[in-house]
Protein chains: 2
Amino acid sequence: MNSVRKALLVLEAVADHQPVGVSELASQLGQPKSSVQRALETLHGAGWIRPSSGERTRWELTFRASRLARKAGSHFGLREAVLPHMEELRRQTSETVHLAVFDDSEIVLIERLESPHAVRHVEPLGGRASMLVTATGKAILARLSTEEVDAIHAATVERNDPGTPVPQRDALELELEEVRRLGYATTSSWRDGVFATGVAIIGPSGGPIAALSISTPETRSDEENRRTQAQLLLDHGRQINERLG
Amino acid sequence: MNSVRKALLVLEAVADHQPVGVSELASQLGQPKSSVQRALETLHGAGWIRPSSGERTRWELTFRASRLARKAGSHFGLREAVLPHMEELRRQTSETVHLAVFDDSEIVLIERLESPHAVRHVEPLGGRASMLVTATGKAILARLSTEEVDAIHAATVERNDPGTPVPQRDALELELEEVRRLGYATTSSWRDGVFATGVAIIGPSGGPIAALSISTPETRSDEENRRTQAQLLLDHGRQINERLG
DNA sequence: ATTTCTGTTCCACAATACGGTACGTGATAT
DNA sequence: ATATCACGTACCGTATTGTGGAACAGAAAT
């Protein structure tokens with residue numbers, strides 16, 4: 001089903017460049033205009049994109065996709081199992097709490113409860129980030145086999161995102177050993193001025209599927225803070241894992 | 001492109017029933033097993049679904065769709081334009097502030113800032129709701145033409161969601177006239193014990209594209225509260241509309 | 001006025017999606 | 001132990017349908 005593959009590529013291209021026209025998409029994808037045009041019409045007919053209200057026919061996403069996004073990974077009952085603990089964590093720490101899932105060598109942020117403080121760290125929901133430098137990512141990596149970590153490290157190197165530092169494989173391994181020893185991961189190198197602590201969440205099959213983190217501006221973060229936050233995460237993580245397993 | 005249409009239907013069906021097998025999908029969609037099977041393989045190859053880790057092959061969504069979700073409707077710079085005002089509104093009211101967009105006769109909740117209070121109203125992000133009973137929905141409806149309201153009313157009746165009351169068309173019209181007069185909409189019938197006030201956000205093309213609301217538990221809500229909240233929403237709404245227009 | 005972009009339409013060809021049928025395999029029932 | 005069922009998968013001949021080059025009209029830029 002080559003047409004499906006193409007249509008999905010067009011869909012993603014629309015998402016990345018909306019509002020966008022046929023020709024730009026065609027050159028972007030290296031596809032004939034006719035093919036792209038046909039894909040656009042089909043996607044429109046299916047209700048996934050709509051013509052923008054501008055002059056020239058520009059295309060943009062409908063919210064059809066957002067329905068899917070919400071269901072992704074929902075069959076574990078992950079959100080439902082984790083949200084109460086996130087609420088509790090925010091209450092106990094007054095800092096921003098994040099829930100990120102593991103997907104295809106990256107992590108995706110799917111839920112967030114914000115710190116009530118004026119100065120706080122907020123990442124966009126649905127955003128993707130490297131696993132090698134984030135607290136959530138490292139917490140998950142520490143639970144994977146050497147081969148899996150190798151693959152993710154290689155994929156990250158290959159992706160070559162600008163602005164995302166990539167640690168050497170051996171340096172990463174040392175970090176991961178520390179994470180395994182402690183049971184949680186920390187980061188201060190992901191976002192400037194933000195210190196984060198994360199623990200992995202283990203799915204029914206025994207592998208890590210997500211991670212929970214607390215992000216604190218370094219101006220508010222001290223040794224005592226960090227210790228209590230790590231302990232709270234370990235406690236809640238254990239409770240969540242018991243419930244899911 | 002019939003195959004694309006089918007594949008997208010399969011994708012949505014997987015989302016609704018994951019983890020799910022070929023046969024169930026086939027009977028659900030009224031399609032031959034072979035076709036569904038082919039669609040599944042294609043979707044897998046494109047990275048949108050993955051086989052679940054069981055004996056029988058069950059399919060589930062990857063987080064590929066989450067990339068799209070973040071971009072849906074984002075090209076106005078809507079979130080960026082509105083978020084500062086949401087922050088300010090929460091600071092001023094200490095109640096939960098919601099941002100919902102108008103999509104295909106329903107509203108979709110895309111951003112939320114929570115009340116710091118222990119008792120608070122929280123709707124799931126990405127969730128959809130009827131336009132006829134929510135404060136956000138009515139605020140938007142009041143800006144649409146009679147024909148558009150007719151169409152949305154009809155679509156809502158047809159959808160026939162259990163648990164969602166549908167007002168009569170003429171009663172709705174009376175309500176909308178009141179909303180037009182005041183400039184904002186209110187609701188206490190959407191969620192039990194929650195009073196909400198909403199204003200519409202007008203896009204560059206002049207039509208309503210979203211709405212902002214404040215939700216207050218009725219135990220905390222009094223006449224004075226409601227007046228100040230409505231006034232704050234009107235002020236911020238006007239500022240946002242100026243910036244977008 | 002001319003050029004160079006758009007987005008859209010047309011068409012002959014062959015690729016490929018189609019869906020009925022059949023096979024292997026576990027689970028359940030007899 | 002045997003029979004039956006439901007499931008996921010593989011096969012295959014047919015014709016449906018996606019394909020992409022080329023040509024078109026209109027708008028914007030030169």
Side-chain angles (χ1 to χ4, degrees), chain A residues 1-62 64 71 73 75-76 204-206, chain B residues 1-62 64 71 75-76 203-206:
Chain A
M1 311 229 296
N2 197 27
S3 54
V4 175
R5 214 183 175 89
K6 281 192 186 175
L8 290 172
L9 286 176
V10 169
L11 183 64
E12 291 187 289
V14 169
D16 288 336
H17 299 89
Q18 65 176 329
V20 68
V22 198
S23 301
E24 188 185 335
L25 285 172
S27 68
Q28 200 95 30
L29 296 167
Q31 292 283 332
K33 268 202 301 182
S34 343
S35 301
V36 175
Q37 168 89 332
R38 218 165 332 113
L40 286 172
E41 276 164 7
T42 309
L43 289 170
H44 177 49
W48 288 71
I49 62 176
R50 78 170 83 109
S52 167
S53 46
E55 282 296 311
R56 283 210 177 350
T57 331
R58 291 275 137 85
W59 299 93
E60 61 189 36
L61 290 187
T62 66
R64 191 123 195 181
K71 308 231 170 162
H75 53 288
F76 306 116
S205 57
Chain B
M1 314 233 295
N2 196 29
S3 54
V4 175
R5 211 180 181 92
K6 281 194 186 175
L8 289 173
L9 286 176
V10 170
L11 183 62
E12 290 187 290
V14 169
D16 287 336
H17 298 89
Q18 63 176 328
V20 68
V22 198
S23 301
E24 189 185 335
L25 285 172
S27 67
Q28 200 95 32
L29 296 167
Q31 292 282 333
K33 268 203 299 183
S34 342
S35 302
V36 176
Q37 168 87 336
R38 217 166 332 113
L40 287 172
E41 277 164 4
T42 308
L43 290 170
H44 179 211
W48 288 70
I49 62 176
R50 78 167 81 98
S52 163
S53 52
E55 279 299 311
R56 289 205 176 333
T57 323
R58 292 280 136 84
W59 298 92
E60 60 190 34
L61 291 186
T62 67
R64 186 117 195 186
K71 313 255 173 139
H75 52 286
F76 309 113
S205 58

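Chain letters run A, B, ... following the sequence lines, proteins first and then strands; every chain starts at 1. Every value quoted in this text rests on a predicted model; they were computed, and no experiment measured them.
Between the P atom of C:dG7 and the CD atom of A:E24 lies a distance of 9 Å, rounded to the nearest Å. Between the CG atom of B:L40 and the P atom of D:dC7 there is a distance of 14 Å, rounded to whole Å. For A:R38 and D:dA22, the CZ to C1' distance is 14 Å, given to the nearest whole Å. Here C:dG7 presents its P atom at 11 Å from CH2 of A:W59, a figure rounded to the nearest Å.
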- Query: Which is it for A:L43 and A:V14 under the side chain to side chain contact (heavy atoms under 4.5 Å, CB included) test, yes or no, and what are the steps along the way?
  - Reply: CA-CA 11 Å; A:L43 289 170; A:V14 169; 5.6 Å; no
- Item | B:W48 vs A:V4, side chain to side chain contact (heavy atoms under 4.5 Å, CB included): CA-CA, chis, key distance, verdict | CA-CA 12 Å; B:W48 288 70; A:V4 175; over 6 Å; no
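In this model, the phosphate group of D:dG8 is not approached by any side-chain N or O of B:T57 to a distance below 4.0 Å at OP1 or OP2. Taking 4.0 angstrom as the limit, B:S23 places none of its side-chain polar atoms (N or O) nearer than this to OP1 or OP2 of D:dA6.
Of the possible polar contacts, one joining the B:Q18 side chain to the B:L61 backbone as a donor-acceptor pair under 3.5 Å is found. Checking side-chain atoms of B:T62 against main-chain N and O of B:G47 turns up a donor-acceptor pair under 3.5 Å. Under a 3.5 Å cut-off, the side chain of B:R64 and the backbone N or O of B:A46 do form a donor-acceptor pair.
The minimum heavy-atom distance linking B:Q31 with B:V36 is given by the pair CB-CG2, 3.9 Å. A pairwise comparison of heavy atoms in A:R5 and B:G45 identifies NH2-O, 3.4 Å as the closest pair. Summarising the geometry of A:R58 relative to A:P19, their closest heavy-atom pair is CD-O, 3.6 Å, with the distance given to 0.1 Å. Contact between B:H44 and B:I49 at its shortest, heavy atoms only, is CD2-O, 3.2 Å.
Checked against D:dA10, D:dG8, C:dT8, the side chain of B:E41 finds its nearest nucleotide in D:dA10. When the nucleotides D:dT9, D:dT19, C:dG7 are ranked by their closest atom to the side chain of B:Q37, D:dT9 comes out on top.
Within residues 3-12 of chain A, the residues having any heavy atom under 4.0 Å from DNA chain D are, by residue number, A:S3, A:K6. For the segment residues 26-34 of chain A, the set of residues with a heavy atom within less than 4.0 Å of an atom of DNA chain D comprises A:P32, A:S34, in numerical order.
No hydrogens or angles were tested; on distance alone, nothing pairs the side chain of A:R58 with the base of C:dG7 as donor and acceptor under 3.5 Å.
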